[in-house]
Structures are given as structure tokens and as C-alpha cells.
A.B. asks: 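Below is one structure. I have some questions about it.
All of these numbers come straight from a predicted model, not from anything done at the bench. In what follows, chains carry the letters A, B, and so on, assigned in the order in which the sequence lines appear, proteins first and then strands, with residues in each chain numbered from 1.
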Number of protein chains: 2
Amino acid sequence: MIHEAPASTPRTRPATQRKRKEILDAAIDIFGNKGYANGTLADIADQVDITHAGVLHHFGSKQNLLLETLAYRDESDVADLDDQHIPDGPELFLHLVRTAVVNSRRAGIVQVYTVLSAESVTDDHPARPFFESRYSTLRGEVADAFRVLCHQEGITEPATINAASASILAVMDGLQLQWLLHPQDIDLAEASEFAIRAIVNAVLRPGPELSAYSRG
Amino acid sequence: MIHEAPASTPRTRPATQRKRKEILDAAIDIFGNKGYANGTLADIADQVDITHAGVLHHFGSKQNLLLETLAYRDESDVADLDDQHIPDGPELFLHLVRTAVVNSRRAGIVQVYTVLSAESVTDDHPARPFFESRYSTLRGEVADAFRVLCHQEGITEPATINAASASILAVMDGLQLQWLLHPQDIDLAEASEFAIRAIVNAVLRPGPELSAYSRG
DNA sequence: CTAAAGTTACTTACCAGCAAGTAAGTTAAT
DNA sequence: ATTAACTTACTTGCTGGTAAGTAACTTTAG
């Protein structure tokens with residue numbers, strides 16, 4: 001077995017890397033605004049003043065471009081983070097609220113995820129594995145945060161942790177969709193904070209069942 | 001002005017109405033499984049054993065078929081309901097939970113809404129007005145239910161009602177997406193009930209802020 | 001009641017446009 | 001001199017929509 005030469009391939013031409021990023025940014029824009037199925041390589045190519053064949057030269061296929069686009073977005077998100085990893089414990093919940101605040105200033109990014117994650121459930125969609133693993137990972141991280149929090153508050157871990165973890169990601173996604181449809185009516189940051197707080201508190205102190213409100 | 005003869009147009013041929021419904025059912029299936037942009041008239045036509053031109057004969061255009069498909073789904077939902085209208089007051093929250101239970105048995109329907117609602121935020125999507133008005137209406141109904149509930153519980157309406165209304169719809173949508181991606185891992189009914197309960201209780205009794213958990 | 005006339009529900013055939021991908025050539029940097 | 005970064009030109013396959021025809025059914029006239 002041979003060591004893979006790490007920097008051997010002179011693919012690292014500075015202008016090339018720059019162009020690739022340009023294309024990836026354009027892809028985020030187009031896939032966000034038109035979807036993967038409906039956005040075209042020519043749309044993307046136009047934005048960076050090359051032809052669609054030029055895009056294919058860099059990324060090989062449309063499908064591969066999509067995958068690299070998703071990976072690219074993720075790594076720039078991580079890069080934004082101070083210390084390379086998402087906070088754990090109760091800090092995570094505050095981090096999620098901050099994320100919502102940040103997101104309300106970048107509709108483009110929000111739209112790619114909203115459109116592509118939903119599109120990914122369609123037949124044989126190339127982005128499906130990406131979103132499957134993304135949600136699995138995120139749910140795991142949120143669940144861990146809940147466990148830490150319960151321990152900290154001296155509460156035995158309730159059975160609701162899994163439902164709550166999924167629910168937190170769910171509200172965030174669902175609010176984003178409504179916000180994209182009605183930017184005026186929905187305050188993404190405020191609503192996200194309210195909902196996350198509601199769910200976190202419900203894990204720690206369940207409160208009455210819904211049926212309690214229906215009979216006097 | 002002449003009275004429009006109500007039964008004059010013999011468009012109401014029984015077999016025709018049946019065929020139209022067949023096509024609409026097929027459209028739900030195809031748009032759900034492939035999206036609007038990616039699903040084709042030929043796909044739909046195949047399922048009802050006619051040609052794509054036959055589908056166009058009935059619906060005029062692909063776009064119009066989409067719109068009629070969405071309307072068709074809505075009216076069959078209303079028809080399912082005993083008394084033609086969605087319950088108001090606190091009963092609404094229980095109704096939403098029941099909806100989640102029912103939905104967990106019909107992935108097809110869930111998938112159309114999930115895929116199309118997200119796709120609708122893309123440029124000039126024909127279904128956008130449909131989903132805009134749908135969410136506006138639903139948020140209004142949920143907000144009304146909250147007002148009735150607050151009055152019933154003797155609480156002055158808190159400022160969180162709007163955020164809560166959007167959040168309830170949001171969790172339901174978001175959970176559906178995760179459930180479509182991981183049917184094994186997500187219990188749609190259970191998680192929906194948990195989240196709705198959490199949000200309803202948070203409106204009535206806010207509980208501590210998130211930051212309270214981060215400093216001992 | 002029947003036959004003609006008209007309408008509906010399609011089919012077949014076609015088109016124009018687009019989209020992804022390929023192949024071969026051209027320019028420019030290393 | 002190579003190799004990368006493209007462009008131009010083309011192919012292939014699909015897609016929505018149209019046009020024209022046909023068979024079956026419905027309505028109307030006599």
C-alpha cells in the first residue's frame with residue numbers, strides 16, 4: 001500500500017481554487033432559488049461567466065456538483081464557528097437560537113437547505129444520504145445536550161428526549177419554510193427561541209396533557 | 001342576463017369524473033415521489049393507462065394539473081371531517097395530534113405536501129400562492145384556538161401566541177420531513193403530540209429562559 | 001325509435017426547446 | 001512542453017404542448 005501524496009497533485013492552482021468557490025457559491029444560489037431538478041448547469045455557469053461545459057470541467061457532473069456544494073456549505077459553517085466544534089450541553093440550545101438569528105440574515109443559505117432537504121426525499125435523489133446522515137448526527141447531538149442538561153438539573157432522563165430532539169430540529173426547519181414564504185409575518189429568531197425554550201422546558205417539566213384543556 | 005343552466009353542460013359524464021380522479025390520484029403519487037419539476041406528465045399518464053396528451057386533454061397544462069391536484073387533496077381532507085369544519089378552541093390541538101396519527105399511515109400524502117411546499121419557495125413556482133394562503137389560514141386558526149384557550153384558563157393573551165401558532169405548524173412539518181427520511185427512527189404521532197403539548201403549555205406557563213440553564 | 005349531428009375522450013405524430021454530457025480544439029500558465 | 005482551464009460544437013434524450021384524426025357516446029330532429 002502506498003501513501004497518498006498529500007500535496008503532489010498540482011491541482012492547487014490558486015486561481016482554480018478561487019474559480020471553484022465561485023462556482024460553488026453560484027450553485028448555492030441557483031439550487032436554492034430553483035431547486036436541484038429545475039436549476040441548470042447553464043444557470044450556474046452564467047453567474048461565473050463561463051459555459052456549462054466549463055462547470056463540468058471542474059465538477060464532472062451535475063450530481064457531483066450538488067454533493068460538493070452541500071459539503072462546501074457545511075465546512076464554511078464549521079469554519080465560522082470559533083472552536084471547530086459545536087458546543088455541547090445546554091450551550092447547544094443557545095447556539096441553536098443564535099443560529100436562527102444568523103439565518104434570518106441569510107435567506108439564500110436557508111433556502112438551499114429547505115428546498116434540497118425536502119427534494120431529497122424524492123426517488124433516488126442524490127442528496128438523500130447527505131440529509132439522512134445530517135439529521136441523524138444532529139439529533140444525536142441534541143439528545144446528548146438533553147442528557148447533560150437533565151443530569152445538571154438532577155432529573156432522571158425522561159423518555160421524551162428523542163421526541164424532543166427531533167422536535168427541536170423540526171421547528172427550526174418548519175419555521176424557516178414559513179419565514180421564506182412570509183418574511184414579513186414570521187420573526188424567525190423570536191419564534192425559534194420561543195419554540196426551543198418550550199421544548200427544553202417540556203423535557204424538564206412536562207406539564208399537563210392536552211386533553212386536560214378540553215373538559216373544563 | 002341569463003341564468004346559467006346548472007346541469008346543461010354534459011361535462012358531468014360519470015366515467016369522465018372517475019378518470020379525472022384517477023389522474024389526480026396518480027398526480028399525487030408522482031408529484032410526491034418525484035416533485036413537480038422532476039415528475040412528468042408521461043409518468044402520470046402511464047399510471048392511468050393513457051398517453052400524456054390524454055392528461056393534457058383533461059387538465060390543459062401541467063401547471064393547472066398541479067393546482068387542481070392540491071385543491072383535490074384539500075377537499076378530500078375536508079370531506080373526511082365529520083362536520084365540514086375544523087374544530088376551534090382547544091379541540092383544535094387534539095385535532096392536530098390526531099392528524100399526525102392519521103398522517104403516519106399515509107406517507108404518500110405527507111410526501112406531496114413536504115416536497116411541494118418546499119419546492120414552492122423557488123422562483124415563480126405555481127404552487128406558491130397555494131401554500132402562502134394555506135399557512136396564513138392555518139396560523140390564523142391556531143392563533144384563534146390559543147385565544148379561546150387563554151380565555152378559558154383565565155389568562156391574559158400572551159405575546160407569544162403568534163410565535164406559538166407558527167411553531168406548531170412548523171414542528172408538524174419538520175417532523176414529517178425527518179419521518180420521511182427515517183421512518184424507523186421517528187415516531188411521528190408521538191413526537192408531534194409531545195411538541196404540540198410543549199408549545200401549548202409554554203403559552204400558558206412560559207417557564208425559565210434558556211440562558212437560565214447555562215450558568216449553574 | 002332512429003339517424004344525423006355534434007361533442008367528448010382520447011391517440012398518434014410531431015415539434016421546438018432545453019439540458020446534461022462528450023469530444024476536440026484553443027489559449028495560457030507553470 | 002505539458003498540463004490545466006476553458007470554449008465551441010455537437011449528440012442524445014427528454015418534456016410540455018399542439019395538431020389532427022378517430023371511435024364512442026350524447027343530443028337533437030324528424
A.B. asks: Provide, to the nearest angstrom, the distance between the CG atom belonging to Asp49(B) and the P atom belonging to dA9(C).
C.D. replies: 18 Å

A.B. asks: dG21(C) C1' sits how many Å from Ile44(A) CD1, rounded?
C.D. replies: 15 Å

A.B. asks: Rounded to the nearest Å, what distance is computed from the NE2 atom of residue His57(B) to the P atom of nucleotide dC10(C)?
C.D. replies: 6 Å

A.B. asks: I want to verify a distance call: between dC10(C), dT8(D), dT12(C), whose nearest atom is closest to the Ala53(A) side chain?
C.D. replies: dT8(D)

A.B. asks: Just so I know, are the side chains of Val115(A) and Phe31(A) near enough to count as touching, which here means a heavy-atom distance under 4.5 Å?
C.D. replies: no

A.B. asks: Output the rounded distance in Å from CZ (Phe31(A)) to C1' (dA19(C)).
C.D. replies: 13 Å

A.B. asks: Report the distance from atom CZ of Phe59(A) to atom C1' of dC6(D), rounded to the nearest whole Å.
C.D. replies: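 The answer, rounded to whole Å, is 14 Å.
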
A.B. asks: Given atom NZ of Lys34(A) and atom C1' of dA20(C), what is their separation to the nearest angstrom?
C.D. replies: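 Roughly 15 Å, once rounded to whole Å.
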
A.B. asks: Which of these nucleotides, dC10(C), dT8(C), dT7(D), is closest to any side-chain atom of Thr16(B)?
C.D. replies: dT8(C)

A.B. asks: Nearest to the side chain of Leu41(A), heavy atoms from C-beta on, is which of dA20(C), dG16(D), dT12(C)?
C.D. replies: dA20(C)

A.B. asks: Expressed as a whole number of angstroms, how long is the span from Asn64(A):CG to dT22(C):P?
C.D. replies: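 Distance, rounded to whole Å: 12 Å.
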
A.B. asks: Using a cut-off of 4.0 Å on non-hydrogen atoms, how would the nucleic acid contact of Gly60(B) be classed: base, sugar-phosphate, or nothing?
C.D. replies: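 Counting heavy atoms under 4.0 Å across all strands, no contact is made by Gly60(B).
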
A.B. asks: NA contact type, Thr40(B), heavy-atom cut-off 4.0 Å: base, sugar-phosphate, or nothing?
C.D. replies: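 Counting heavy atoms under 4.0 Å across all strands, the contact made by Thr40(B) is with sugar-phosphate only.
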
A.B. asks: Think Arg20(A) forms a cation-pi with Phe59(A), using NZ or CZ under 6.0 Å from the six-ring centre and within 45 degrees of its axis?
C.D. replies: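 Pair Arg20(A)/Phe59(A) counts as cation-pi.
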
A.B. asks: For the side chain of Leu56(A), starting at C-beta, report the closest nucleotide among dT18(D), dG21(C), dC6(D).
C.D. replies: dG21(C)

A.B. asks: Look at the rings of Phe130(A) and Tyr113(A) and say which category their plane angle falls in: under 30° parallel, 30 to 60° tilted, over 60° perpendicular.
C.D. replies: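 Geometry flag for Tyr113(A) against Phe130(A): parallel rings.
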
A.B. asks: Quick check against the 3.5 Å criterion: does Gln178(B) have a side-chain atom that pairs as donor or acceptor with the backbone of Ala166(A)?
C.D. replies: yes

A.B. asks: Looking at side-chain heavy atoms only, is the closest gap between Val110(A) and Trp179(A) below 4.5 Å?
C.D. replies: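 In short, these two side chains touch, coming nearer than 4.5 Å.
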
A.B. asks: Can you tell me how far P of dC6(D) sits from CZ of Arg20(A), to the nearest Å?
C.D. replies: 11 Å

A.B. asks: Counting side-chain heavy atoms from CB outward, which of dC6(D), dC10(C), dT8(D) is closest to Ile50(B)?
C.D. replies: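 The answer is dC10(C).
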
A.B. asks: Distance check: side-chain N/O of His52(B) vs OP1/OP2 of dG17(D), anything under 4.0 Å?
C.D. replies: no

A.B. asks: With the side chain of Lys62(A) defined as its heavy atoms from C-beta on, choose the nearest nucleotide among dT12(C), dA20(C), dA9(C).
C.D. replies: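 Nucleotide nearest to Lys62(A)'s side chain: dA20(C).
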
